[in-house]
Amino acid sequence: MKQTLTLAAALMALAAPVFAEGDAAAGEKEFRKCKSCHMIASADEAIVKGGKTGPNLYGVIGRTAGTAEDFSYGDDLKAAGDAGLVWDEASLAAYIEDPKAFLQETLDDKGAKSKMTFKMRKNAGDVAAYLATFSE
């Protein structure tokens, strides 16, 4: 019984950063790491000018995964969207932390992979909270 409780406590501690609400102001600073590949642009303005290697992240929270217009997603991210993945802060933070592992778990497929190779091991929740400020 003691081992079960210890394991449960350890798993909760590991999951806590993903499920904790992030700090949007801190996420704005952290997003500097993302803008080499991603922009945040509405139909009317470029809020954060960035690269086009990744999709535009304006409105990402609430969007079905793999569906931003004018971007060619990998097959596994599109499959996650087809299976019903809609980005919320927790799922986006988990994806940002380790995209490949997230897709493997989400799709229950050890061969799943992501085109995004960057892993943000710290402050992913803050970036997700920041991106949520650009969602309707």
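Atoms considered below: every heavy atom in the structure, side chains included; atoms not considered: hydrogens, waters and symmetry mates.
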*Could you give the distance from OG1 (Thr106) to CG (Asp108), rounded to the nearest 0.5 Å?*
10.0 Å

Please tabulate, one pair per line, all N/O donor-acceptor pairs under 3.5 Å involving side-chain atoms of residues 35-46, not counting sequence neighbours.
unit_1, atom_1, unit_2, atom_2, d
His38, ND1, Pro55, O, 2.8
Ser42, OG, Asp44, N, 3.2
Ser42, OG, Glu45, N, 3.1
Ser42, OG, Glu45, O, 3.4

_From Glu105 atom CD to Lys100 atom NZ, the distance as rounded to the nearest 0.5 Å_ = 14.5 Å

*Starting at CD of Glu28, measure out to CG of Asp23 and round the result to the nearest 0.5 Å.*
10.5 Å

*Verify same cluster id: Leu92, Phe118 (apolar side-chain graph, 4.5 Å)*: yes

*Does Pro99 offer a backbone N or O that forms a donor-acceptor pair with the side chain of Ser114 under 3.5 Å?*
no

*Should Val60 and Tyr58 count as side-chain neighbours, where that means a heavy-atom distance under 4.5 Å?*
no

*Let me see the working for Asp75 and Lys113 under salt bridge (charged side-chain N to carboxylate O under 4.0 Å, His left out), right down to the final yes or no.*
CA-CA 9 Å; Asp75 292 338; Lys113 58 186 179 243; over 6 Å; no

*Look up atom CD1 in Ile61 and atom CG in Asp88, then write down how far apart they are to the nearest 0.5 Å.*
6.5 Å

*Would you confirm whether Lys115, through its side chain, and Ser72, through its main-chain N or O, come within 3.5 Å as a donor-acceptor pair?*
yes

*Who passes side-chain hydrogen bond (donor to acceptor under 3.5 Å, both in side chains) against Tyr130, sequence neighbours left out?*
none

*Can you hop from Met116 to Val48 via hydrophobic side chains spaced under 4.5 Å?*
yes

_Sequence-distant partners of Glu30, side-chain hydrogen bond (donor to acceptor under 3.5 Å, both in side chains), two or more places apart_ = Lys33, Asn123

*Do the rings of Tyr95 and Phe102 sit parallel, tilted or perpendicular, given the 30° and 60° boundaries?*
perpendicular

*Indicate yes or no for a side-chain donor-acceptor contact from Asp126 to the backbone of Gly22 under 3.5 Å, with no hydrogens or angles considered.*
no

*Find the distance between CD (Glu97) and NZ (Lys119) and round it off to the nearest 0.5 Å.*
11.0 Å

*asked:* When you group the ILVMFWY residues by side-chain heavy-atom contacts below 4.5 Å and let the links chain together, are Phe71 and Phe134 in the same group?
replied: yes

_Shortest non-hydrogen contact between Tyr73 and Ala68, atoms and distance_ = OH-CB, 3.0 Å

*Provide the closest heavy-atom pair for Leu107 versus Ala79 in the form atom of the first, atom of the second, distance.*
CD2-C, 4.0 Å

*Which pair of heavy atoms, one from Ala112 and one from Asp76, lies closest together, and at what distance?*
CA-OD2, 3.2 Å

*Tell me, do Leu131 and Trp87 make a side-chain contact under 4.5 Å, heavy atoms counted?*
no

*Going from OG on Ser135 to CG on Leu57, what distance comes out if it is rounded to the nearest 0.5 angstrom?*
9.5 Å

*asked:* Restricting to non-hydrogen atoms, name the atom on Glu89 and the atom on Ala128 that form the minimum distance, rounded to 0.1 Å.
replied: O-CB, 3.5 Å

